[in-house]
Each structure stands twice: as C-alpha cells, then as structure tokens.
Amino acid sequence: MIKLWMKVCCLTVALAGSAYAAQETYVVGAGGTYRPFEYENSQKQLEGFDIDIIKAIAKAENFNIKLVNTPWEGIFATLGSGDRDILISGITITDKRKQMVDFSAPYFPAEQSIVVPQGSGVTSLASLKNEKVGVVNSSTGDIVVSQELGKNSTAIKRFDNTPLMLQELFEDGVSAAVGDVGVVKYYIKQHPEKSFKLVPDAKFERQYFGIAVAKGNSELQAKINDGLKKIVADGTYAKIYKTWFDENVPALPAE
C-alpha cells in the first residue's frame, strides 16, 4: 500500500512538473518613462498600470512573462526581429500602426481632458478661449488647444511635462490645462490637496491603448484578448484601475 501511494505521489508530482514546464514564457517590452503606465522603480524594476495589467492577463491565461525595459524609439521593430513577443507601453491604436503590428482589444481609453481647479467655471474646450491654458509641448493636447485658440496664441503656455504644467495650474500661472487623461488622473490621485477636477469635451478624439504582438500572431493575440476578458469579468481590471487612477472604471469596447 505504501509503494502504491508513493507511485501515485510521484506520478502526481511528475504531471504537475510537466504542466509547469509546458507554460509558455513571453518576452514583454515596455518603456520605463511613462508614469503611471510603466516606469522603473528604485530597484530598476518595471511597474505601473500596464505592468499590472499584463501580469494579470498572464496569470489568467497561465503563461509566464519576462519584462524588459524597451525604449520607445524602435520598440515596434523588436516584434519583427523576435526580440519581444508582446508590447505594452501606452501604445495608442491607430490605423498606421495596425499595418505594422496586431493589437489586442482596447484596454485603456486614452483621450485628452481639461484640468481645472474645483471652483472653475470652465465647462468645455470652447470656454477656454478666454483663459490662459497650459499644455505639454508638441503633445496631442497642444495640437487640440492650438486648433481651438490658434497655434501662435499668447494664451497658450507650453511645458516640458505634465507635472510642471499642473504645478503651474496650482500656482495660478494658468487657469486650465489639457493633457492625457491617464497621466492627469494619476497626478490628481497623488496630489488630492490640489483639488483639481476633469472636464471632458466631445471634441477630444476617443482613442485607446492596445497590447501589440507581431503581425499574424493570432494565437498570442487571442490569448491576450481572452485574458483581458477574464480580468474584466472577475473584477481584477477594476481593482487595478482604481489602484492607479480613480473609482470611475471605464467600460471597454469589445475590439
């Protein structure tokens, strides 16, 4: 009886080991400079919203990942060369990029938003015409505000990054700012004492981030999409979103 029990145990361990060994490991490229989506912590490890999302998808689909800090310049070429299997790096889904890579279903709405102090009377993009507005230089927000106010308008004040722009808003150097909604939401969460609020506008084009795989890799694309569906359904996505942003968890489109 003892010998039989030992055989069963050994078989169970062998099967478990075999299943573990069969797990795929995918190399994931992510930039380390786009807080809060992906950035390096003090131990030079990648963390952020995107990192938590791909880890959750990997767990849901039972595959392993190896995270590699990958500079934005040339990031798409790493899929073609086979150096990376997956890219998750705040990548906006565009028709041009769809010609180079295949995207997952959208996992984050990445439109612009107006930021103002709580007591502001700004209600739309149009109402910025009488305000001094901060934007990040050459960003999507800069383009949109320039179209509204005029590219050479003296009412537009340009900054090198979002924290500088929002600090100026706090100090009344500008009366409104326009920036990436994810970056702004994270800043507001980190600085509740500044009492900012977001003002949406229909003129801001609705865009989404997607997870990229090599063109034609439909098997891996399907795994990622299945994993994304699972973490949305079981509440993991909402938990991650609330950790990094706020309670207003977005409804994601199917594709």
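Computed from a prediction, not measured in an experiment: that's the story for all the values here. All residue numbers in this chain count up from 1 along the given sequence.
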Visitor: About how many Å separate CD of Glu47 and CG of Asn41, when rounded to the nearest 0.5 Å?
Guide: 4.5 Å
Visitor: Say you draw a straight line from CD1 of Ile86 to CD1 of Ile65; how long is it, rounded to the nearest 0.5 Å?
Guide: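 Rounded to the nearest 0.5 Å, the CD1-CD1 separation comes to 7.5 Å.
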Visitor: Verify ring pair (Phe, Tyr, Trp, His ring centres under 6.0 Å) between Phe108 and Phe245, making sure each step is shown before the conclusion.
Guide: CA-CA 12 Å; Phe108 187 85; Phe245 303 111; 5.2 Å; yes
Visitor: Apply the side chain to side chain contact (heavy atoms under 4.5 Å, CB included) test between Ile211 and each candidate in Leu228, Ile224, Val28; give the one that qualifies.
Guide: Ile224
Visitor: Rounded to the nearest 0.5 Å, what separation is found between the CE atom of Met165 and the CG atom of Asn137?
Guide: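 Result: 12.0 Å between the selected atoms.
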Visitor: What pair of heavy atoms forms the shortest contact from Ala155 to Leu149, and how long is it?
Guide: CB-CD1, 4.4 Å
Visitor: Can you tell if the side chain of Tyr237 reaches within under 4.5 Å of the side chain of Leu252, non-hydrogen atoms only?
Guide: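 With C-beta onward as the side chain, the pair touches.
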Visitor: Quick one: does Lys132's side chain have a donor or acceptor within less than 3.5 Å of a partner on Asp172's backbone?
Guide: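 Such a contact is absent between Lys132 side chain and Asp172 backbone.
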Visitor: Got a donor-acceptor contact below 3.5 angstrom from the Ser127 side chain to the Ser124 backbone?
Guide: yes
Visitor: With a sphere of 6.0 Å drawn around NZ of Lys98, does it hold more than 12 non-hydrogen atoms of other residues, nucleotides or ligands?
Guide: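 It does not: Lys98 NZ has 12 such atoms or fewer within range.
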Visitor: Is a salt bridge present between Lys223 and Glu24, judged by a nitrogen-to-oxygen distance below 4.0 Å?
Guide: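 Looking at Lys223 and Glu24, the cut-off is not met.
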Visitor: From Ile53 CD1 over to Phe209 CZ, what is the distance, rounded to the nearest 0.5 angstrom?
Guide: 12.5 Å
Visitor: Please state whether the rings of Phe37 and Tyr34 are parallel, tilted or perpendicular, taking 30° and 60° as the class boundaries.
Guide: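 Rings of Phe37 and Tyr34: parallel, as their planes differ by under 30°.
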Visitor: Step by step, work out the side-chain hydrogen bond (donor to acceptor under 3.5 Å, both in side chains) result for Ser175 and Glu131.
Guide: CA-CA 6 Å; Ser175 52; Glu131 309 289 344; 2.7 Å; yes
Visitor: Considering all heavy atoms of both residues, which atom of Asp50 and which atom of Gly90 are nearest to each other, and what is their separation?
Guide: OD2-N, 2.9 Å
Visitor: For Glu111 versus Arg206, what's the shortest heavy-atom pair and its separation?
Guide: OE1-NE, 3.2 Å
Visitor: What is the minimum heavy-atom distance between Glu168 and Lys157, and which atoms define it?
Guide: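 Heavy-atom minimum between the residues: OE2-NZ, 2.5 Å.
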Visitor: Test your reading of the model: is there a side-chain donor-acceptor pair from Thr70 to the backbone of Val68, 3.5 Å cut-off?
Guide: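 Judged by distance alone, yes, a pair lies under 3.5 Å.
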Visitor: So for atom NZ, which belongs to Lys229, do other residues, nucleotides or ligands contribute more than 12 heavy atoms lying within a distance under 6.0 Å?
Guide: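 Atom NZ in Lys229 is not crowded, with 12 or fewer foreign heavy atoms closer than 6.0 Å.
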Visitor: Gln112 side chain to Gly141 main-chain N or O, any donor-acceptor pair under 3.5 Å?
Guide: yes
Visitor: Please determine which of Ser146, Ser139, Ser138 meets the side-chain hydrogen bond (donor to acceptor under 3.5 Å, both in side chains) test together with Arg158.
Guide: Ser146
Visitor: Would the distance check show the side chain of Asn225 and the main-chain N or O of Ser104 forming a donor-acceptor pair, the cut-off being under 3.5 Å?
Guide: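 No, the answer is negative, given that no donor and acceptor are paired below the 3.5 Å cut-off.
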Visitor: Check the surroundings of atom CD in Gln118: do more than 12 heavy atoms from other residues, nucleotides or ligands lie under 6.0 Å from it?
Guide: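 Yes.
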Visitor: Will you find, in the side chains of Gln221 and Asp102, an N or O donor that is under 3.5 Å from an N or O acceptor?
Guide: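 Per modelled atom types, Gln221 and Asp102 side chains form no pair under 3.5 Å.
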Visitor: Any idea which heavy atoms bring Val213 and Val101 closest together, and the distance?
Guide: O-CB, 3.5 Å
Visitor: If hydrophobic clusters are built by linking Ile, Leu, Val, Met, Phe, Trp and Tyr wherever their side-chain heavy atoms come under 4.5 Å apart, do Val178 and Tyr187 end up in the same one?
Guide: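 As far as the 4.5 Å side-chain criterion goes, Tyr187 and Val178 are not connected within one cluster.
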